[in-house]
Amino acid sequence: MTRTVAILLAAGSGHRFGGDTPKQFIDLAGRPVFEHSLLAFGLAAAIDEIVVVVSEEHRDSVRRIIAAGNHRKVSDVILGGRTRLDSTRAAIAHVGDADGYTLIHDAARPLVTQATISDCLVALAGADAVATVVRASDTIVRVDGKQITETLDRGTLRHLQTPQAFRAAVLAKAVIASAAAEDSFDATDDVSLVRHFVPDARTTTVDGSPRAFKITGREDLAFAAALLEAER
Ligand code: CTP
Ligand code: MG
């Protein structure tokens, strides 16, 4: 059986969200945002193990929440780094590059669906790296200051989300290459890291759900709460 490990990135400080408590630890419908993500991967039959990545400051409280919630698939709570890529690196150093699959998910996307998790893994049959994407609903333009310099073709644009799924060896190769690289390419997602450092990797996308938006600002938390309330 192929081992499938989900990595939950929860080591950010939530600068754009603001406040003292990072957004992934704020309450959403009765539990912290990251615990919603954790529950989704716990429920997904294809996921064998979950590694949670946090900052030093929140490690103990996260451990307590995991113990209290009886999240049995969590094998470890490890320390992340200064940037998201640093946190990915810490997780890959921990998980290794054994023959298996690695999923990476932003803990700040609490409404990830079971369908998306399973679609990502199914797509790995024909790819090394899979990104969840969502169609752009607004037209997107390029600007230079306040000047519009280009109107992009909405039909070919996608929002990149997580989860992203990988053959573990390919992601490990990208992470190792990025650590050794001269350029300071600091990807804010992991499929882009693979594309940059392992150019011959086979990459594909699966259509995700707009409900898996990332909690970034205050209004996003209100949207997520309203969605959950409407679905009750
Ligand atoms: N993340 C992480 N380690 C970091 C930075 C981010 O594990 N050093 C995680 C966040 O906790 C989040 C996900 O990566 O679940 C996506 O990052 P983002 O939305 O940018 O979160 P923050 O970096 O915390 O927010 P901001 O950029 O506003 O500071
Ligand atoms: Mg960030």
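Along the sequence shown, the residues carry numbers beginning at 1. Keep in mind that this is a model prediction, so the values were computed, not measured. We count ligands from 1, going down the list as the structure has it; atoms in each ligand are counted the same way.
For the pair Asp207 and Arg135, the salt-bridge criterion is not met [side-chain N within less than 4.0 Å of a carboxylate O].
Qualifying salt bridge (charged side-chain N to carboxylate O under 4.0 Å, His left out) partners for Arg232, counting only residues two or more places apart in sequence or in other chains: Glu229.
Residues with a heavy atom under 4.0 Å from ligand 1: Leu9, Ala10, Ala11, Gly12, Ser13, Gly14, His15, Arg16, Lys23, Gln24, Gly81, Arg82, Thr83, Arg84, Ser87, Asp106, Ala107, Ala108, Lys214.
Among pairs with a residue in residues 197-206, those fulfilling salt bridge (charged side-chain N to carboxylate O under 4.0 Å, His left out) read Asp128-Arg202, at least two apart in sequence or across chains.
Inspection of the Ser61 and His58 side chains reveals no N or O donor paired with an N or O acceptor under 3.5 Å. Between the side chains of Asp86 and Thr83, at least one donor N or O lies within less than 3.5 Å of an accepting N or O.
Here Leu157 is tied into one hydrophobic group with Ile140, Leu152, each link being a pair of ILVMFWY side chains closer than 4.5 Å.
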